[in-house]
Amino acid sequence: MTRATPRSVLVTGGNRGIGLAVARRFAAAGDLVTVTYRGEKPPGDEKFLSVQCDVTDSQQVDQAFKEAESAHGPVTVLVANAGATQDRLLVRMSEADFTSVIDTNLTGAFRVAQRAVRGMIRERHGRIVLISSTTALHGAPGQTNYAAAKAGLVGFARSLTQELGPRDITCNVVAPGLTETDMTRALTEEQRQELLRQTPAGRPGHPDEVADAVAFLAGAGYVRGAVIPVDGGAGLGH
Ligand code: NDP
């Protein structure tokens, strides 16, 4: 299916995992998609523009947007997906472990959202989706840094919703639970079983199932400041 008016979409961390599934979903709908990658490029047969960008570096963020804008026009859909973990119990967590996770997951989203809204304000239209986590809402041992960063995205989205609502710019949050990607392949079998025990679906999510929620929010003009869990029921709607 091809969209009558393709949108210029930018997905951070779109080279693998959830970001890649999201990018494929928009491309399949006929949108013009830019993905950022930090290490390896996305698989070669993809119909995306790929731009190297570390979200902890605002100059690289600016350059990625310039390339996206010059190829596809002003970015009107942003998916801030890039994220990383550095799990340790608090007593063993260094300040660097804490701040680097905040820098990637929370400040990284700030950098890309701030850069994106410049063009969105001019267009008087924009859709921003931030990828958080159920950990933001429930917490998890060893993840004080990650949970704080992902919970921060909720306050960020709700504040931005109020700042930019009258300009038809929306900001919403998707909170995935256990989803099959490289990030969760690093879990021990014991951690995985414990998470599945708390999941009514009884199975992990697939990245495409997160993409379903992102695609919905990118088209939903009257859903604002929402947190949509995609967690197999683990949070029973929260
Ligand atoms: P992956 O580890 O498969 O992918 C992480 C992505 O983030 C990669 O593209 C990676 O790039 C990118 N990334 C990490 N750090 C940076 C950085 N500093 N600058 C730019 N890009 C960066 O994880 P997922 O696909 O699972 O995760 C996607 C999002 O979903 C994350 O925000 C994660 O926190 C969240 N999430 C995932 C869950 C899961 O169960 N999988 C559950 C809840 C939330 P590179 O390839 O270069 O490292």
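Here the structure is a predicted model, which is why all the values come from computation and not from measurement. Every number for a ligand or one of its atoms is a count from 1 in the order of the listing.
At under 3.5 Å, not a single nitrogen or oxygen of Tyr37, backbone or side chain, sits near a nitrogen or oxygen of ligand 1. Considering both main-chain and side-chain atoms, Asp54 comes within under 3.5 Å of ligand 1 through a nitrogen or oxygen pair. When only interatomic distances are considered, the shortest N/O to N/O separation between Gly177 and ligand 1 falls below 3.5 Å. Every N/O-N/O distance between Thr56 and ligand 1 stays at or above 3.5 Å. Annotation: Gly14 places no N or O atom under 3.5 Å from an N or O atom of ligand 1; distance criterion only.
Those atoms of ligand 1 that come under 4.0 Å of a heavy atom in Cys53, given as number and element, are 19 (N), 20 (C).
Side chains of Lys150 and Asn105: a donor-acceptor N/O pair is present below 3.5 angstrom, by distance only.
Under a 4.0 Å heavy-atom criterion, Pro204 is not in contact with ligand 1. The shortest heavy-atom distance from Thr12 to ligand 1 is not under 4.0 Å. The closest approach between a heavy atom of Glu180 and any atom of ligand 1 is not below 4.0 Å. For Ser132, the closest heavy-atom approach to ligand 1 falls below 4.0 Å.
Distances from atom 46 (O) of ligand 1 to the heavy atoms of Arg16, Met183, Arg38 show the closest one on Arg16. Nearest to atom 19 (N) of ligand 1 by heavy atom, out of Leu153, Val210, Val55, is Val55. Taking each of Val22, Thr181, Leu178 in turn, the one with a heavy atom nearest to atom 41 (N) of ligand 1 proves to be Thr181. Between atom 5 (C) of ligand 1 and the options Ala21, Gly83, Ser133, Gly13, the minimum heavy-atom separation is to Gly83. When Pro176, Pro207, Gly39 are ranked by how near their heavy atoms come to atom 43 (C) of ligand 1, first place goes to Pro176.
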